Amino acid sequence: MTSPVEKARLEHQKLGADIAAHDQRYYQDDAPTITDADYDALRRRYEALEAEFPELRTADSASLRVGAAPAAKFGKIKHAVPMLSLSNVFSDEDVAEFVARIRRFLGLDAAAELTFTAEPKIDGLSCALRYENGQLVSAATRGDGFEGEDVTANVRTIGEIPHQLTGAHLPAICEVRGEIYMSHADFAALNARQSAAGEKLFANPRNAAAGSLRQLDPAITAARPLKFFAYAWGELEPRPAQSQFDMVQWFAKCGLPVNPLMQRCTNEAQMLAVFRAIEAIRASLGYDIDGVVYKIDDLTLQERLGFVSRSPRWATAHKFPAERARTRLLDIEIQVGRTGVLTPVAKLAPVNVGGVVVSNATLHNEDEIRRKDIRIGDMVEVQRAGDVIPQITGSVAAERPSDSQPFVFPHICPACGSAATREIDDKGNADVAYRCTGGLICPAQAIERLRHFASRLAFDIEGLGDKQLELFYTKGLIRNPADIFTLEARDAASLTKIKNFEGFGDLSVKNLFAAIEARRSISLNRFIYALGIRHIGEVNAKRLARHFGSFEALRSTAKAAFAAESEGRKELISIEGIGPIVAEALVEFIHEPHNEAVLDALLAQLHLEPMEVASTASPVAGKTVVFTGALERMSRDEAKAMAERLGAKTSGSVSKKTDLVVAGPGAGSKLTQAQTLGIKVISEDEWLDMVGGNG
DNA sequence: AACCCTCGAGGTCA
DNA sequence: CTCGAGGGTT
């Protein structure tokens with residue numbers, strides 16, 4: 001006689017298999033064999049069993065929730081290995097420079113052979129698929145490169161993506177990366193369906209793919225013909241192959257679709273030949289591509305080359321030239337940015353450029369307008385730089401209206417009426433940009449600053465976007481960042497409640513307040529970034545946070561740094577990446593009386609946490625390392641990059657602050673200096689052992 | 001020359 | 001959200 005649990009287990013198993021089969025027929029074959037009601041009944045029974053016997057829940061049962069009620073929004077998935085983007089090149093010379101830089105970095109001479117792969121760059125969305133023991137467990141978009149959106153349920157509906165990898169001896173964890181895209185034929189068919197159903201049409205296959213993947217209801221994604229090519233990986237141990245090319249071949253063996261056009265090249269001429277060949281067949285491929293990607297084939301070399309900021313040194317994208325079109329320049333509008341910069345934006349008669357309708361384009365600044373001799377009323381040439389950003393390349397002299405006048409750049413801010421000037425620097429050079437001098441009284445700047453404050457890399461407050469901020473600003477509810485954190489209390493005491501505003505309801509207000517509450521604790525680096533100080537972006541904010549450790553320390557140093565020659569100023573400038581100009585901007589910001597008041601108000605509302613921790617706890621993290629003498633196994637640049645990747649700082653000279661000296665043959669004064677100061681000296685080999693670079 | 005900062009555009013979905 | 005240009009900083 002079987003126990004109730006056993007009985008339940010059997011039934012649960014059978015139901016699971018049935019539901020999976022129905023999902024397959026419904027989502028992927030688009031040919032369900034039972035009614036929705038019957039299907040729902042199966043699912044309810046399945047979930048009831050799990051509720052009664054929680055031990056029945058498996059990793060698999062989650063996968064059967066595809067058709068369940070759509071989640072309110074996507075969850076987040078942290079990428080175990082960051083998903084970065086590629087640098088771009090546009091000309092043959094750029095390709096030569098790309099190859100030359102790699103040779104330099106690796107310390108190779110021109111004769112040494114270097115193998116690359118070349119493959120079409122698919123114009124879609126990158127996606128990371130995580131397989132555990134061969135089973136698809138999650139899928140994430142790229143997001144900001146560190147954290148993406150959880151689109152697992154949607155990705156499971158893509159027929160080309162296997163739920164289970166084929167083959168024996170699969171790595172326990174295998175994170176495959178590639179591109180989700182839509183073919184031309186499928187795109188045309190989808191738009192025909194949309195049109196027949198009276199729905200709006202998609203502008204191009206890329207947007208159709210993006211829109212389809214971001215559907216909250218996987219059933220809609222399932223009805224969209226998405227495809228996939230695998231071309232990269234994240235966490236994957238052990239490596240089944242030693243080269244880029246072989247890795248992709250291995251993906252194919254596992255049952256993943258890979259692009260058939262990838263090939264190996266051993267010199268620049270071959271790379272360019274592949275580029276031209278792919279360009280020639282671009283139109284007949286049946287899917288959009290926007291260039292060719294070159295990667296160093298040897299994975300060991302890839303590791304040695306590493307990364308510069310957000311892209312690998314060992315790969316680049318060779319982009320096709322942009323498409324162009326002509327249209328009329330109707331007007332030039334002036335926008336005011338967060339820092340008060342006045343930016344001219346061209347208002348264009350809408351024109352189709354390579355698949356999207358363009359009606360605006362930035363003109364950057366006064367000089368740019370003069371250089372290109374662009375006037376209102378002109379017929380202008382428009383292209384999309386990198387197939388994305390609309391750009392005016394020039395005007396057509398023959399079609400200029402006879403009465404046209406050169407554009408006169410305004411000298412007052414259109415938002416607040418204050419004077420706008422081009423600052424003159426020490427050397428007497430005028431800034432390219434006009435800046436509104438209205439500062440704090442300028443509403444345009446205030447709103448832009450608030451927008452920056454609430455933006456994703458800063459406080460990341462959901463429900464407090466452009467629209468809401470603008471509304472709250474005009475209503476006088478939020479005039480500076482500190483107001484955000486008193487909003488709820490003031491709203492409670494107020495008679496005109498936010499929930500009565502147009503576009504708001506009980507729920508959205510509740511969510512907004514919750515989102516604000518959740519950000520009362522914030523990391524120091526985000527806080528510094530959020531202040532929107534000129535020249536202090538994401539990276540410099542982290543540097544400051546790391547150096548000072550607390551906001552009070554930063555603030556008191558900045559205060560002590562008021563005089564140009566002061567100790568405080570010296571300390572600021574000693575921080576890597578911070579120079580006189582950045583220091584000046586920081587000091588000025590901290591000293592400004594209004595900013596002081598806002599900072600005090602803000603700090604009273606917040607709990608600052610230490611900086612978000614860098615990933616690896618390596619033995620050299622936080623240490624200052626000096627390389628001296630000849631290095632035999634790697635170039636100087638490479639050694640420095642390696643040290644920095646592990647969280648160490650590098651320096652060119654030995655001082656009291658140096659923690660470690662790596663000395664090669666021929667080391668001279670620096671070695672002596674290290675010995676005098678009693679600083680630890682190791683050989684290149686010992687260094688590699690220490691940081692795990694030996695085997 | 002490498003890297004960083006700022007700003008802008010367009011599109012989709014909620 | 002994604003991308004790129006342009007200019008400033010180091």
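Chain letters run A, B, ... following the sequence lines, proteins first, then strands; residues in each count from 1. Note that the coordinates shown come from a computational prediction; the quantities given were computed from them, not determined experimentally.
Nucleic acid contact class of A/N204 (heavy atoms, under 4.0 Å, all strands): none. Among the protein residues, A/L125 comes within range of no part of the nucleic acid, since none of its heavy atoms lies under 4.0 Å from any strand.
Among the nucleotides B/dC7, B/dG11, B/dG8, the one closest to any side-chain atom of A/N207 is B/dG11. Of the candidates B/dG8, B/dT6, B/dG10, B/dT6 carries the atom nearest the A/R338 side chain, counting heavy atoms from C-beta on.
At whole-Å resolution of the value, CD in A/Q391 and P in B/dA9 are 13 Å apart. A straight line from CG of A/D123 to C1' of B/dG10 spans 14 Å, rounded to a whole angstrom.
Contact annotation: A/R101 reaches the phosphate of B/dA2 (side-chain N/O to OP1 or OP2, under 4.0 Å).
Residues meeting the side-chain contact (heavy atoms from CB on, under 4.5 Å) test with A/D288, sequence neighbours left out: A/D123, A/H184, A/P205. Applying the salt bridge (charged side-chain N to carboxylate O under 4.0 Å, His left out) rule to A/R449 yields no partners; only residues at least two apart in sequence or on another chain are considered. For A/E368, the side-chain contact (heavy atoms from CB on, under 4.5 Å) partners are A/H364, A/N365, A/R371, A/K372, not counting sequence neighbours. Taking A/R370 as the reference, A/E366 meet the salt bridge (charged side-chain N to carboxylate O under 4.0 Å, His left out) condition, with sequence neighbours excluded. In this structure A/A415 satisfies the side-chain contact (heavy atoms from CB on, under 4.5 Å) test together with A/V336, A/C413, A/C442, A/A444, sequence neighbours excluded. Partners of A/T339 by side-chain contact (heavy atoms from CB on, under 4.5 Å), not counting sequence neighbours, listed by chain and number: A/V341, A/R435, A/R534.
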Base-pair map of DNA chain B as dot-bracket, where | denotes pairing with a different strand and pairs are Watson-Crick or G-U under 3.5 Å: ||||||||||....
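Within residues 363-370 of chain A, the residues that place at least one heavy atom under 4.0 Å from DNA chain C are, in residue-number order, A/H364, A/N365, A/E368.
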Pair up each side-chain donor or acceptor in residues 342-352 of chain A with any protein partner under 3.5 Å, not counting sequence neighbours, and list the distances.
residue: A/K347; atom: NZ; partner: A/N360; partner atom: OD1; Å: 2.6
residue: A/N352; atom: OD1; partner: A/G355; partner atom: N; Å: 3.1

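You'll find the ring centres of A/H452 and A/Y529 inside the 6.0 Å limit.
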